Each structure stands twice: as C-alpha cells, then as structure tokens.
Number of protein chains: 2
Amino acid sequence: MATRKDSSTYSRNEKWIADCDLTYVIAKIGGRWKLQILSALEGKTLRFSDLKKTFSMMTERMLTLQLRALESDGLIKRTVYAEVPARVEYELTPVAVELWPVLDMLSAWGSKHRQLIADTTISSHG
Amino acid sequence: MATRKDSSTYSRNEKWIADCDLTYVIAKIGGRWKLQILSALEGKTLRFSDLKKTFSMMTERMLTLQLRALESDGLIKRTVYAEVPARVEYELTPVAVELWPVLDMLSAWGSKHRQLIADTTISSHG
DNA sequence: GGCCATACTTACACGTTTGTTCGTACCATA
DNA sequence: TATGGTACGAACAAACGTGTAAGTATGGCC
C-alpha cells in the first residue's frame, strides 16, 4: 500500500513469507479485527452501520480499512446501493465460508490449550 | 513485554481480542516467523545453530525473540546443556503437535483459495 | 593473555499496524 | 443557509513488530 524500499530485508522476507501457504493465510486473516468481522458476517448480510454498532470499540477508520482489506482478498463482497443516505452491505464470499471448519478447529485448539498452557505455567512455579 | 499505558484504547482492545479463542490462537502463532519455526521443528529436535542455518534470512535476534515467545506460550521446549560451547536444543511440545492437523487444513485452504482469488481478480478486470 | 565457538543480549532505527481527529459528499428537510 | 444521517477519506500520532550492529559470557586451546 505505502511506498517502501523493495530491496530492504523487510520486503525480501515478506516475499518469502507470501510463498508459504500457511503464513499466507495468517497474513490474510491475521490482524486485530478481521476474524471478528468475518464472524459477525457469518450467515448474514450487514450494513456498514450495523458493523459499526457491533464493533463499537473500533473506530470507523479501522472498520473501513479492515473491510477494504477483506474485500480485496476476496473474503467479503461489498454492495453499494445508490440511495440518498448511502447504503452499503457486506457479506461473506463462498471462499470465506469454506474457512469456517478450519476456524472452528483453530478455535477449539485455542480453547483447549489456553487452559492447558495456563495449568503448565502454574505447575512450573516450583 | 514493554511498558504501556493500560488505559489506552489499544490496550483495552487487546484484552477484548484475547477473550476470543480464535484471535488468541492467531496471536500465538501469528507473526512473521513462528509458524516456520514450528514447521522446522516438526518431528525433530534442533539446536539454536541449526535453526540459525535453516533461517539464514532472519537475524539471531529475531530467532531468539520468536523462540522465547513460543517457549513462554508452551509451544516449544527449550533444553540447555551446560557444556563449554553452550548447547541449547528446541523441540515441539505435545500441545504444538496437536496443532498440525489444523495447520494442514489452513494450508490447504490457503493453497486452494490463493489460486481462486487470483482468478477472481483477473476476471473482474472487465 | 588472546582467540575460538555458541547462544544469546543490548541499543538503536526502520516500517507497519492501530488509533485520533477532523473533513468530505450526498440530498431531503427546515 | 443550516442540519441530519451514512459511509467514507486524509493527516497525524502512538505503539508495536522487525531488522542492524555491536557487545556479553563461558571455558578449552594456543
């Protein structure tokens, strides 16, 4: 997005990362809000203002940025209605829907091992 | 790790994020190198110098930071041998091993939809 | 005493992500 | 002319992730 020295180690490593299917996915769905936005859109079509209400803790700017990123990555579809007070609706693409089983597994792992890791930390105090 | 204003929106939102199993996992395995380090350790025990050779594109500092983070998250086990030239070995914990089926699914999704999204982008040029 | 190798550690700087604030465009209504 | 609601956009700043360069500690070897 922004201008950057393509020759920097940072950029070179970024390309390395993008070659890996795994890190590629993490880059797409990573970040602070993307997964939560995708969750909110599961099975629903929501307006920008709906999302704004749902995620009252994030600013309009962040919401816009995340929606744009998800759109350009083909994970959500954006539909603009040329009405007087503008209306824009967002919905998941089939691609995004296919992510759910994986995300459910990830979530399950997180739930299980969050507790497990907490226990390990406590028992290692001795 | 660093000092930070706990009252900032940034921090408040961080806590919000940590409550979600999904974003929790992404935080644990996200970042530029963690998944690749975990991959390298799959089924093996490696020394610091081995990892350094494997990831010649990343600096010692980053390697150390990532290993420390993975260790404190209970994903890898660190064993120090009190020998003359220091020897430190890293291996996956059972918790991390259980991540593999999920990561394989993620990777498969990434592989499939990377191509799909590329096609969509091309066809939407008209 | 000085050098070697391993495995770090520290100080500093670059680049990105996230957050704050203010402004834009639309058109109906008052 | 001013106000209202929706969906943004731009300029700026704080915080974090990542990278660079140099230094530390150990103890055997010369």
Side-chain angles (χ1 to χ4, degrees), chain A residues 1-18 23 26-37 46-71 76 78-90, chain B residues 1-17 23 26-37 46-71 78-90:
Chain A
M1 295 226 171
T3 51
R4 189 172 55 192
K5 298 171 203 160
D6 284 345
S7 58
S8 70
T9 300
Y10 192 95
S11 290
R12 265 187 288 117
N13 282 342
E14 191 170 58
K15 284 166 194 159
W16 212 97
I17 296 300
T23 47
I26 298 298
K28 295 301 177 196
I29 65 176
R32 190 164 272 213
W33 302 114
K34 285 182 187 171
L35 280 173
Q36 312 208 35
I37 292 173
L46 295 178
R47 298 185 53 173
F48 183 85
S49 53
D50 295 329
L51 290 166
K52 206 166 72 174
K53 266 175 248 160
T54 305
F55 299 105
S56 57
M57 74 296 287
M58 68 188 285
T59 60
E60 286 190 25
R61 170 185 147 78
M62 286 314 297
L63 186 52
T64 302
L65 284 177
Q66 302 304 311
L67 288 171
R68 287 279 188 271
L70 289 170
E71 188 195 3
I76 61 175
R78 182 169 171 268
T79 311
V80 183
Y81 296 89
E83 301 177 355
V84 186
R87 182 159 65 101
V88 183
E89 290 187 348
Y90 296 91
Chain B
M1 296 224 171
T3 52
R4 190 172 55 194
K5 297 173 204 159
D6 284 344
S7 58
S8 69
T9 300
Y10 193 96
S11 290
R12 266 185 288 116
N13 283 342
E14 190 170 60
K15 284 165 194 160
W16 212 97
I17 295 300
T23 47
I26 297 298
K28 295 300 177 197
I29 65 175
R32 190 164 271 212
W33 302 113
K34 285 182 186 170
L35 280 173
Q36 314 210 33
I37 292 173
L46 295 177
R47 298 185 53 174
F48 184 85
S49 52
D50 294 329
L51 290 166
K52 206 166 71 173
K53 265 174 250 162
T54 304
F55 299 105
S56 57
M57 76 295 285
M58 69 187 284
T59 60
E60 285 191 356
R61 171 185 145 78
M62 285 314 296
L63 186 51
T64 302
L65 284 177
Q66 302 305 309
L67 288 171
R68 286 279 189 271
L70 289 170
E71 188 196 2
R78 180 169 173 268
T79 312
V80 183
Y81 297 90
E83 301 177 355
V84 187
R87 182 159 65 99
V88 182
E89 291 187 347
Y90 295 92

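Heavy-atom basis, side chains included; hydrogens, waters and symmetry copies ignored. Here is how names work: the chains are called A, B, and so on, in the same order as the sequence lines, proteins then strands, and each is numbered from 1. No experiment lies behind these values; they were computed from the predicted model shown.
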Is [X] close enough to [N] that one of its side-chain N or O atoms is under 4.0 Å from OP1 or OP2 there?
X     : N      : answer
A:Q66 : C:dT18 : yes
B:S11 : D:dA15 : no
A:N13 : D:dG19 : yes
B:R78 : C:dC8  : yes
B:S49 : C:dA7  : yes
B:W33 : D:dG19 : yes
A:R87 : D:dG5  : no
A:R32 : C:dG19 : yes

Quiz item: Which letter, B, S or -, goes with each nucleotide of nucleotides 20-30 of chain C from 5' to 3', with contact meaning a protein heavy atom under 4.0 Å?
Solution: B-----BS---

Exercise. For A:L67 and A:I37, work out which heavy atoms get closest and say how close.
Key: CD2-CG2, 3.9 Å

Self-check item: Taking every non-hydrogen atom, the tightest pair across B:A69 and B:K34
Solution: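 Shortest heavy-atom separation between B:A69 and B:K34 comes out as CB-CE, 3.8 Å.
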
Between [atom2] on [N] and [atom1] on [X], what's the gap in Å once rounded to a whole number?
X     : N      : atom1 : atom2 : answer
A:I26 : C:dT16 : CD1   : P     : 20 Å
A:K53 : D:dG5  : NZ    : C1'   : 11 Å
A:E14 : D:dG17 : CD    : P     : 16 Å
B:L65 : C:dT9  : CG    : C1'   : 10 Å
B:L46 : C:dA7  : CG    : P     : 11 Å
A:Q36 : C:dT18 : CD    : P     : 12 Å
B:F55 : D:dT18 : CZ    : C1'   : 16 Å
B:L63 : D:dT18 : CG    : C1'   : 13 Å

Self-check item: B:K52 side chain vs B:E60 backbone, donor-acceptor pair below 3.5 Å
Solution: no

Quiz item: Any cation-pi pair here, A:R47 with A:Y81, using under 6.0 Å and within 45°?
Solution: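 That pair does not qualify as a cation-pi contact.
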
Could you tell me whether the side chain of [Y] reaches within less than 4.5 Å of the side chain of [X], counting heavy atoms only?
X     : Y     : answer
B:W16 : B:E14 : no
B:N13 : A:W33 : yes
A:R78 : A:R68 : yes
A:I17 : B:Q36 : yes
A:Y10 : B:R32 : yes

Quiz item: Is it true that the side chains of A:T64 and A:R61 contain a donor and an acceptor less than 3.5 Å apart?
Solution: no

Quiz prompt | Residue closer to the 5' end of DNA chain D, A:R47 versus B:M58 (nearest nucleotide) | solution =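 Mapping each residue to its closest nucleotide by heavy atoms, the 5'-most match is A:R47.
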
Quiz item: For the helix from C:dG1-D:dC30 to C:dA30-D:dT1, what is the angle between the axes at its two ends, each from 5 pairs, rounded to 10°?
Solution: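 Taking five pairs per end, the axes differ by 50°.
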
Practice problem: Using a heavy-atom cut-off of under 4.0 Å over every strand shown, decide if A:Y81 touches base, sugar-phosphate, or nothing. | Solution: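 No contact.
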
Quiz item: B:E89 near the nucleic acid: base, sugar-phosphate alone, or nothing, with a heavy-atom cut-off under 4.0 Å?
Solution: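 Result for B:E89 = nothing.
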
